Number of protein chains: 2
Amino acid sequence: MHDHCTGIANIMTTNKLDTLEPLGSLSMTDRVENSLRLYFTESGFKPGDSLPNEQEMAQKLNVSRNVVREALSRLRMLGMIEARPRRGMVIAQPDLLVGLEKVMNPSLLSQDNLKDVFELRLILEMGIAEFLFARKTEQDLNELEAIVASQNDARVVSKEEEIAFHGKLYEMTGNDTFKRFQTLLMPTFDHVFTGYYNQSKKIEIPNPVTHHDLFKILKTGTVEEFRKAMYTHLAVYFASIL
Amino acid sequence: MHDHCTGIANIMTTNKLDTLEPLGSLSMTDRVENSLRLYFTESGFKPGDSLPNEQEMAQKLNVSRNVVREALSRLRMLGMIEARPRRGMVIAQPDLLVGLEKVMNPSLLSQDNLKDVFELRLILEMGIAEFLFARKTEQDLNELEAIVASQNDARVVSKEEEIAFHGKLYEMTGNDTFKRFQTLLMPTFDHVFTGYYNQSKKIEIPNPVTHHDLFKILKTGTVEEFRKAMYTHLAVYFASIL
DNA sequence: ATCATTATATTTGTCCTACAAATAAATTTT
DNA sequence: AAAATTTATTTGTAGGACAAATATAATGAT
């Protein structure tokens, strides 16, 4: 546990941000937030390390405690710090995706962003084959098979069934961040496609690939076969953008 | 432009969060933040819409103005709102990746998160082939060729050269969010691999694929060939995890 | 001496008041 | 009607106060 309480004032006074005048000038809260993050980086803080208390930070940065609190509130939201009565602020393990999670509201996003999210899911689906084949276990395959067996009509797949099947694939990659990321993208993906689908002609795929097909290839096929099948499985989506 | 000022108090009082007692109980700031985001979603707010002023929100939510300000500060950081003197808060276009950007500090991330980030870049690299082939232009290819030509030794590629080449590929996908996301991942990817590389035996790839090879395939080859080549290009990284 | 219990000190969390700064809107002038 | 000026409104920042929740210190029991 480090106590790096002497660094803040230096950071704030030498902060390069003072020499830039961006389009919207920065509030004191913005400045304090930037200073604190820079301070964390330059001091090599690790989870568990203690920070100076709010009053001390306010004094060193020549701002009121309110401004410090507003900046700290932001960092708290990102999971970068935790507050302890008497002990003060402690560095914590950030949450990589909490920011994305909080802004993922289709009403607020631009058309460009919505399109980007839609495509991002497709990029990610096409990218996981190596991981699936390298990390699949007997148990994974059994569970995936059970999911597929519980899905009645392979041609008409509900959202829940999509989420169950693909969610299991994501889990099988052994990459929690990836799983969480894809899971975050799905509702918006669906929102985008629903909007598109309602406005366009129906796209027919000659030989659609089902969840069951994907399962079989994952069980006994090759990476390349799986990826090709995944592309066909997602063809209706690819056809809407490429 | 909508004025939805009657919804907030209802949201706060009926907020399901009041019935849950999570491990760490929520501060008022957390609650206000959650209420506001829910309010945005349920009211279907769009960029440009006006929000009630701080004082009014504080009254309706039965909290002090400071608490409202702390919550709003968070939303401001995410780009979801902008403040205007006299006019008040206005809904804005969120920034999908600003949260990720702010927490991407390897010292703070867990080993699991670092591994996830490392792999996520690989997943994404393997997933973009379809987009590259569908969207490449003559100009893109010329620019990519110039980048490759400026890179002297195909076997010893600097970080800057990596960023230049791969960054151009990302740009060619036509997906700005993807480009920005991958660009965010690169320093941490490098940090992870540098740590691994310094601790492990050197991995030799029998027939390494260079940037120039990738360029040629992208110009005149097929999606499958490109992806296979990309896998080989990244083989040293895949070998370190799979 | 060690462990458990209690008390105290410290910091955060929330509230309040005040006023400067930056517009957006209203009013006046041309 | 358009431009210039003034006013009103809201945000941004400051400072003070005190309750709540521990972390730390002190005390008591074994």
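These numbers come from a predicted model, not from an experiment. The chains referred to below are lettered A, B, ... by the order of the sequence lines, with proteins before strands, and numbering in each begins at 1.
Between B:Tyr237 and B:Glu119, the side chains place no donor N or O within less than 3.5 Å of an acceptor N or O (distance only, hydrogens not considered). Using modelled atom types and a 3.5 Å distance limit, the side chains of A:Gln139 and A:Glu143 yield a donor-acceptor pair.
Nucleotide D:dT10 holds its C1' atom 10 Å from the CZ atom of B:Arg69, rounded to whole Å. Between B:Leu26 atom CG and D:dA21 atom P there is a gap of 14 Å when expressed in whole angstrom units. The CE atom of A:Met28 sits 16 Å away from the C1' atom of C:dA22 (whole-angstrom rounding). Atoms CD (A:Glu54) and C1' (D:dC18) sit 15 Å apart, rounded to a whole Å. One interatomic measurement links the two molecules: CD of B:Gln55 to P of D:dT11, which rounds to 9 Å at whole-angstrom precision. Atom CG of A:Leu61 is separated from atom P of D:dG15 by 13 Å (rounded to the nearest Å). For the pair B:Leu51 CG and D:dT11 C1', the computed distance is 13 Å after rounding to whole Å. Protein atom CG of B:Asp30 is 13 Å distant from nucleotide atom C1' of C:dT12, rounded to whole Å.
Put simply, the side chain of A:Arg65 and the base of C:dG13 share a donor and an acceptor less than 3.5 Å apart. Scanning atom types as modelled, one donor and one acceptor separated by under 3.5 angstrom connect the side chain of A:Asn66 and the base of D:dG15.
The side chain of B:Thr29 contributes no N or O atom lying less than 4.0 Å from OP1 or OP2 of C:dG13. Contact between the side-chain N/O atoms of A:Arg76 and the OP1/OP2 oxygens of C:dG13 is found at a separation under 4.0 Å.
Nearest approach of A:Thr173 to A:Arg135, heavy atoms of both residues: O-NH1, 2.8 Å.
The ring of A:Phe181 has its center no closer than 6.0 angstrom to the ring center of A:Tyr170.
With values rounded to the nearest 0.5 angstrom, B:Gln182 atom CD is found 7.0 Å from B:Ile128 atom CD1.
With D:dT13, D:dA21, D:dT11 as the candidates, the nucleotide lying closest to the side chain of B:Asn53 is D:dT11.
Comparing B:Gly88 and A:Arg86 by the nucleotide of DNA chain D whose heavy atom lies nearest to each, the residue mapping closer to the 5' end is B:Gly88. When the nearest nucleotides of DNA chain D are assigned to A:Arg84 and A:Ser27 by heavy-atom distance, the more 5′-ward of the two goes with A:Ser27.
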